[in-house]
Amino acid sequence: AFASAAEDDGIAFDFEDGIQGWSGVGQVEIDNGWVDANHGISEFETSKDEAADGEQSLKVIFKPGEGRKIYHARMPLEGIEPGQKVTAKVFIPDGTNINLIHLFAQGEDWGWDNTEYKEVKEGEWLELEHVIAEDIKLPLQRVALQFEFAEELDEDLLVYVDSVKVGALESDEEPVDEDDKDDDEVPAKTGYASTLGYL
């Protein structure tokens, strides 16, 4: 299985056992014109260099290329449905100079359903979330993180992704009860608990 079962029957990606089916834009998509010309290739591996929870995270490596300014980290779509909340943690190393991050979904018509993060901070774990539109047209084509640079890259750059969860909205979106959390879980303001307590 690509992902672990979460307590609410959602999906959790902790990257402790591998990249769990994540992918990005590949050369085939570029060669066939399936993505805009400003999309670049991403490569994936696990890393212990940075981790929000547990011992490992997903290391996403952005490869340079002429005109390439936009990079994807896409999750496998099995079990993901409209109306679910997607939460993720992203670490951007100092000097990476990412302009913008989108956490987004695209349905059958490739319509753009996203949450935009303009305040990109380096050197710390950012907590991102997006609720997939209830009326998104199925089947889903992508649920992913998009990273945008102001200029094309002249060297490999990278980010780390960890503690991604997809699941039902909590009633009234109340924060997680502090009494229900383990000491190593994420802050209540994210609205979800870490799924790494079983490790």
Side-chain angles (χ1 to χ4, degrees), residues 1-26 42-47 50-60 71-91 101-108 110-115 117 125-147 159-177 180-182 184-199:
F2 287 137
S4 323
E7 289 181 7
D8 63 355
D9 296 322
I11 300 166
F13 300 95
D14 58 25
F15 309 110
E16 296 299 300
D17 298 315
I19 68 171
Q20 294 185 269
W22 282 59
S23 63
V25 171
S42 303
E43 295 181 351
F44 299 81
E45 59 188 53
T46 56
S47 173
E50 298 288 345
D53 300 287
E55 295 184 358
Q56 293 191 154
S57 64
L58 180 69
K59 184 178 181 179
V60 186
Y71 295 83
H72 283 180
R74 304 171 182 167
M75 63 187 72
L77 297 173
E78 183 179 356
I80 298 179
E81 300 174 358
Q84 289 179 315
K85 182 163 79 169
V86 183
T87 52
K89 293 184 178 182
V90 176
F91 185 93
I101 303 174
H102 299 274
L103 185 50
F104 75 95
Q106 288 178 300
E108 185 201 20
W110 296 99
W112 186 247
D113 168 42
N114 76 297
T115 300
Y117 298 87
W125 283 98
L126 308 177
E127 298 176 3
L128 283 56
E129 67 178 50
H130 174 67
V131 178
I132 300 171
E134 290 276 4
D135 60 354
I136 197 166
K137 293 184 180 179
L138 298 177
L140 289 174
Q141 303 296 328
R142 296 175 183 152
V143 178
L145 289 156
Q146 175 168 291
F147 302 90
V159 298
Y160 301 90
V161 177
D162 203 359
S163 300
V164 180
K165 184 180 175 186
V166 184
L169 294 177
E170 297 177 9
S171 59
D172 300 324
E173 281 301 294
E174 290 294 322
V176 174
D177 190 318
D180 294 336
K181 293 173 51 183
D182 292 331
D184 62 347
E185 289 178 346
V186 298
K189 68 178 181 178
T190 64
Y192 72 97
S194 167
T195 57
L196 300 172
Y198 62 88
L199 295 175

Chemist: Take Val161 and Val60 through the test side chain to side chain contact (heavy atoms under 4.5 Å, CB included) and record every step on the way to the result.
Modeler: CA-CA 7 Å; Val161 177; Val60 186; 4.0 Å; yes
Chemist: Treating Asp162 as the side-chain partner and Ala52 as the backbone partner, does any N or O pair qualify as donor plus acceptor under 3.5 Å?
Modeler: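 Yes, Asp162 side chain to Ala52 backbone: donor-acceptor pair under 3.5 Å.
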Chemist: Which atom pair, heavy atoms only, marks the closest approach of Phe44 to Gly24?
Modeler: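 Looking at all heavy atoms of both residues, the shortest contact is CE1-N, 3.2 Å.
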Chemist: Could you check, using the six-membered ring where one of them is a Trp, whether Phe104 and His72 have ring centers closer than 6.0 angstrom?
Modeler: yes
Chemist: Test your reading of the model: is there a side-chain donor-acceptor pair from Tyr71 to the backbone of Val25, 3.5 Å cut-off?
Modeler: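 Side chain of Tyr71 to backbone of Val25, a donor-acceptor pair under 3.5 Å: no, none is there.
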Chemist: Give a yes or no answer on whether the side chain of Glu16 reaches the backbone of Gln56 with a donor-acceptor pair at less than 3.5 Å.
Modeler: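 It does hold such a pair.
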Chemist: Whether the side chain of Asp113 engages the backbone of Ala133 through a donor-acceptor N/O pair (distance < 3.5 Å, no angle test) should be reported.
Modeler: yes
Chemist: Give me the atom names and distance for the closest heavy-atom approach of Ser47 to Tyr160.
Modeler: OG-CE2, 3.6 Å
Chemist: What orientation do Trp22 and Phe15 show, parallel under 30°, tilted 30 to 60°, or perpendicular over 60°?
Modeler: perpendicular
Chemist: CD/Gln84 to CD/Glu134 distance, rounded to the nearest 0.5 angstrom?
Modeler: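 One finds 9.5 Å between CD of Gln84 and CD of Glu134.
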Chemist: Step by step, would you call Asp14 with Gln20 a side chain to side chain contact (heavy atoms under 4.5 Å, CB included)?
Modeler: CA-CA 8 Å; Asp14 58 25; Gln20 294 185 269; 3.6 Å; yes
Chemist: Provide the closest heavy-atom pair for Lys85 versus Glu129 in the form atom of the first, atom of the second, distance.
Modeler: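 Minimum heavy-atom separation between Lys85 and Glu129: NZ-OE1, 3.9 Å.
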Chemist: Out of Val90, Ile101, Leu126, which residue meets the side-chain contact (heavy atoms from CB on, under 4.5 Å) rule with Tyr117?
Modeler: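 That would be Ile101.
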Chemist: Before giving the answer on side chain to side chain contact (heavy atoms under 4.5 Å, CB included), spell out for Leu58 and Val164 the whole-Å C-alpha distance, their side-chain angles and the decisive distance to 0.1 Å.
Modeler: CA-CA 10 Å; Leu58 180 69; Val164 180; over 6 Å; no
Chemist: How close do Val131 and Gly83 get, counting heavy atoms only, and between which atoms?
Modeler: CG1-O, 3.9 Å
Chemist: So do Asn114 and Gln146 actually touch side chain to side chain, heavy atoms under 4.5 Å?
Modeler: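 Side-chain contact under 4.5 Å: no.
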Chemist: Indicate the atoms forming the closest heavy-atom contact of Ile80 with Ile132, along with that distance.
Modeler: CG2-CD1, 3.6 Å
Chemist: Could you measure the distance from the CZ atom of Arg74 to the CD atom of Gln106? Nearest 0.5 Å is fine.
Modeler: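 These two atoms lie 8.0 Å from each other.
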Chemist: Show the numbers, then the answer: is there a side chain to side chain contact (heavy atoms under 4.5 Å, CB included) between Ile11 and Met75?
Modeler: CA-CA 11 Å; Ile11 300 166; Met75 63 187 72; over 6 Å; no
Chemist: In Å, rounded to the nearest 0.5 Å, how long is the span from CD of Gln141 to CG of Leu77?
Modeler: 8.0 Å
Chemist: On a heavy-atom basis, which atom in Ser57 and which in Ala51 lie closest, and how many Å separate them?
Modeler: CB-CA, 4.3 Å
